Amino acid sequence: MKLPHSYYLSNDVVALSRDLLGKYLFTKIDGVTTGGYIVETEAYNGIVDRASHAFGNRRTPRTITMFEEGGRAYVYLCYGIHEMFNIVTSIAGTPHAILIRALHPTEGIDVMQFRRNMSIIKPTITMGPGSVAKALGISRKINSISLLSDTLWLEERGLSFTDEEIKAAPRVGVDYAGDDAMLPYRFYVKGDVYVSKPNK
DNA sequence: GCGCGGATTCACT
DNA sequence: GTGAATCCGCGCT
């Protein structure tokens with residue numbers, strides 16, 4: 001079942017980040033479906049979070065997507081090379097977003113392998129945010145697209161993890177954020193081979 | 001206009 | 001473990 005629009009309207013982006021572990025994420029491009037379940041996320045907590053692009057209520061052509069109503073994709077280019085896929089949450093005007101950092105692939109693995117230029121399957125196929133977006137065929141062209149569309153959506157399939165199976169930790173690559181860099185806003189499934197390290 | 005640097009990945013030592 | 005790749009968003013002049 002697709003996650004309903006209401007799922008994305010929660011104002012608690014940190015709780016939602018944890019809840020997304022085990023949810024399935026799919027794209028359907030040129031008739032081919034690819035995806036799997038989410039095993040690593042990071043929460044970006046609106047205008048008070050120094051690590052967020054929207055910190056200080058910064059509205060620019062890039063960040064405006066985060067200020068839209070929840071239930072959309074926020075896709076941007078990082079380091080001039082990698083596309084990053086985020087889930088926008090909360091109501092319009094509150095720029096919460098969740099970065100999808102790793103996926104445990106289940107469907108369309110051969111196509112994802114082709115998109116990643118991999119001759120043999122390795123865990124790095126969907127490990128790390130740039131890899132997830134590339135494997136799923138997500139680019140800036142679909143920035144702001146609805147997560148209830150036929151191109152990109154999430155599903156609940158009855159998979160969940162206990163608190164013992166989940167680790168909360170500081171986010172990756174946000175040293176510029178001062179004290180906010182230490183907040184435990186990264187969530188992952190312990191020991192899953194697709195989680196970017198460390199994964200214990 | 002200019003310049004800095006980034007929510008990273010990969011090849012290579 | 002280290003460094004290159006590579007684009008453009010963003011703040012400041």
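Predicted, not measured: the structure shown is a model, and the values here were computed from it. A note on names: the letters A, B, ... follow the listed sequences, proteins ahead of strands, and every chain is numbered from 1.
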*Looking at residues at least two apart in the chain, or sitting in another chain, which of them share a side chain to side chain contact (heavy atoms under 4.5 Å, CB included) with R171(A)?*
E42(A), Y44(A), D49(A), A51(A), V174(A), D180(A), L183(A), Y185(A), R186(A)
If I take atom [atom1] in residue [X] and atom [atom2] in nucleotide [N], what distance separates them, rounded to the nearest angstrom?
| X | N | atom1 | atom2 | answer |
| --- | --- | --- | --- | --- |
| M66(A) | dA7(B) | CE | C1' | 10 Å |
| F187(A) | dA7(B) | CZ | C1' | 16 Å |
| F85(A) | dT8(B) | CZ | C1' | 18 Å |
| H96(A) | dA7(B) | NE2 | C1' | 16 Å |
| Y44(A) | dG6(B) | OH | P | 13 Å |
| F55(A) | dG6(B) | CZ | P | 16 Å |

*Does a donor on one side chain sit under 3.5 Å from an acceptor on the other, for Y76(A) and N86(A)?*
no
*Determine whether the side chains of T63(A) and T60(A) contain a donor N or O and an acceptor N or O closer than 3.5 Å.*
yes
*asked:* Given 3.5 Å as the limit, does a donor-acceptor pair link the side chain of T27(A) with the main chain of L136(A), or not?
replied: yes
_Once you apply a heavy-atom cut-off of 4.0 Å, does R186(A) come out as touching a base, just sugar-phosphate, or nothing?_
nothing
*Could you tell me whether the side chain of L152(A) reaches within less than 4.5 Å of the side chain of F85(A), counting heavy atoms only?*
yes
*So do the side chains of C78(A) and M84(A) get within less than 4.5 Å of each other, counting heavy atoms only?*
yes
*Quick one: CD1 on I29(A) to OG1 on T34(A), what's the gap to the nearest 0.5 Å?*
6.0 Å
*Whom does dG9(C) pair with, Watson-Crick or G-U wobble, provided both distances fall under 3.5 Å?*
dC4(B)
*Identity of whatever pairs with dC10(B) - Watson-Crick or G-U, under 3.5 angstrom*: dG3(C)
*Measure from the ring centre of Y176(A) to the centre of the six-membered ring in the base of dG6(B), then say whether that distance is under 5.5 Å and the planes meet at under 30°.*
no
*Between protein and nucleotides 1-13 of chain C, map the contacts as a letter string: B base, S sugar-phosphate only, - none, heavy atoms under 4.0 Å, written 5' to 3'.*
----BBBSSSS--
*Using atom C1' of each nucleotide, how far apart are dA7(B) and dG1(C) to the nearest Å?*
22 Å
*asked:* Looking at R101(A), I'd like to know whether one of its side-chain N or O atoms comes within less than 4.0 Å of OP1 or OP2 on dT8(B).
replied: yes
